[in-house]
J.: 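Here's a structure for you.
Predicted, not measured: the structure shown is a model, and the values here were computed from it. Numbering of ligands and ligand atoms starts at 1, following listing order. Along the sequence shown, residues carry numbers from 1.
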Amino acid sequence: MSSTKSESILARATLRLPGGVNSPVRAFAAVGGRPPFISSARGARLVDSDGNEYVDYVGSWGPAILGHSDPDVVKAVQDVAARGLSFGAPTELEVQFAETLGELYPALQMMRCVSSGTEATMSALRAARGFTGRDVIVKFAGGYHGHSDCLLVKAGSGAATFGSPDSAGVPSKVVEHTIVARYNDLEGLAQLFADQGTRIAAVIVEPVAGNMGCVPPEPGFLEGLVGLCERNGAVAIFDEVMTGCRVARGGAQERYAIRPHMTCLGKIVGGGMPLAVYGGERRIMERIAPLGAVYQAGTLSGNPVAVTAGLVTLSKLDAALYERLEKLGARLEAGLNEAIVDARVVACVQRVGSMITLFFHGGPIRSWDDASGCNTERFGIWHRSMLEQGFYWPPAQFEAAFISGAHTEDDIDRTIAAARTALEKI
Ligand code: KE4
């Protein structure tokens, strides 16, 4: 594969952008090599600046569930943009969007649009703190909820520890009220509530973890988490930025029939445009300005172009799509598992619906304690071979890959064949 054009663009990019990218993972630092610069995408395909074509399993990190450049979404965006991109004033479109989401997510009695998942989770936590009058928040090691300061904490060694900053520029004071617990460890969470319950404002969780690779919740974990919050006056926040409309139309809360107090959505609900949502019980959201004292605002929040992309995307998420995604996901999972066995490589595959991860670890991966033991060097070798063969897999071990409705059985079978070749390099 020629990479001349991408290389020359990267040389320019690194002069102006840290690492040449606008988000760290895109720099391919976790897998070595240099990133191709993408010039276009359609369906399940990406084309880079040198004209190389890839079967895409990143899908813009989740949004492209229909496949790239869905004609209905693109046409609707073109039409609405011609009527003005953003007004900074209320429009009926965002009311329609909130009504549509409220149907899909009954837990969203009231909600607010923002422009990124980071804004959604940051605002949800502020709402929970304002509602409870408490300061302490709990997240899980390996969980990622965007880059707001109070969430950039690294896990301690114990089951649940007060976090220390996981990024330069985050004062330790800012994270002193953030506790990091262990995912899928309900006992540890119960003990934490026994010790700190009356101080805990919220627990924020990826109901299916995707940011340590795909790690499903164990039976009872989510129910237990919500129950502990309920009994201790804390707010259970499902961060469904990734899982929302991914693992089911109604997200993980539909898939597992659990109702959180608050929900964050992003990615798919914006159809690839900068659009995210936080919301939940009316009694909580009525504390948000201008009704209440919790301040949150945004220039482009709910702008008509992003909301239109979201509305048209949501309108196309039908039962047939999820049946297809489940079939394709199962086919890929089975094929990768066979390939691992035949290659006699220590690895495992974990999947929920159309989000899937190949871990270079014997498995099972239940929490960050397990995931952190992955052989990331082997993942890098495997990833580079997949890319060379024309398969664009997420460039980091601790990410989930995504299948879209535009992928075909043939794409899946060719991906499995390429994975077999790549495993031979290990
Ligand atoms: P954004 O601020 O990137 O829109 O969303 C943050 C976020 C919040 N919650 C969850 C569960 C998320 O997965 C994310 C962002 N996901 C990453 C990929 N795992 C985005 C890719 C990137 O950082 O470039």
Side-chain angles (χ1 to χ4, degrees), residues 17-31 35 38 56-65 112-126 137 139-153 166-167 183 202-217 222 236-247 251-253 260 262-279 296 298 300-301 306 309-310 350 352-357 368 371 379 392-402:
L17 306 167
V21 293
N22 281 310
S23 199
V25 69
R26 304 178 192 173
F28 276 43
V31 292
I38 305 305
D56 180 26
Y57 284 98
V58 173
S60 183
W61 298 100
I65 195 166
R112 166 75 51 89
C113 289
V114 292
S115 297
S116 71
T118 295
E119 268 193 276
T121 57
M122 174 180 71
S123 309
L125 287 166
R126 187 180 307 137
I137 58 174
K139 73 175 289 282
F140 295 91
Y144 177 70
H145 308 285
H147 63 90
S148 58
D149 281 357
C150 68
L151 288 166
L152 289 180
V153 289
D166 198 13
S167 163
Y183 192 75
V203 177
I204 187 165
V205 66
E206 291 182 62
V208 175
N211 286 288
M212 47 178 142
C214 180
V215 179
L222 295 175
I237 303 174
F238 276 17
D239 175 355
E240 295 226 43
V241 166
M242 184 186 291
T243 55
C245 300
R246 170 59 61 182
V247 298
Q253 51 200 273
M262 294 190 80
T263 300
C264 300
L265 295 168
K267 298 180 190 276
I268 292 171
V269 301
M273 296 295 284
L275 175 59
V277 169
Y278 73 98
Q296 179 271 317
L300 297 175
S301 298
Q350 295 190 175
V352 177
S354 58
M355 58 190 273
I356 185 169
T357 299
W368 179 245
F379 178 82
Y392 194 87
W393 198 264
Q397 170 68 90
F398 307 122
E399 292 288 357
F402 301 104

J.: Pair Val31, Trp393 - check side-chain contact (heavy atoms from CB on, under 4.5 Å), show working.
T.: CA-CA 11 Å; Val31 292; Trp393 198 264; over 6 Å; no
J.: What are the two closest heavy atoms between Ala27 and Gly19, and how far apart are they?
T.: CB-O, 4.1 Å
J.: Write down the atom of Gln296, the atom of Tyr278, and the distance for their closest heavy-atom approach.
T.: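 That closest heavy-atom pairing would be OE1-OH, 2.8 Å.
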J.: Measure the acute angle between the ring planes of Tyr392 and Phe28, then classify it against the limits of 30° and 60° as parallel, tilted or perpendicular.
T.: tilted
J.: If you compare all heavy atoms of Gly62 against all heavy atoms of Arg246, which two are closest, and at what distance to 0.1 Å?
T.: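 Smallest heavy-atom distance, with atoms named: O-NH2, 2.8 Å.
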J.: Please state whether the rings of Tyr183 and Phe140 are parallel, tilted or perpendicular, taking 30° and 60° as the class boundaries.
T.: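 Ring orientation, 0 to 90° scale: perpendicular.
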J.: Name the residues with a heavy atom less than 4.0 Å from ligand 1?
T.: Ser23, Val25, Trp61, Ser116, Gly117, Thr118, Tyr144, His145, Gly146, Glu206, Asn211, Asp239, Val241, Met242, Lys267, Glu399
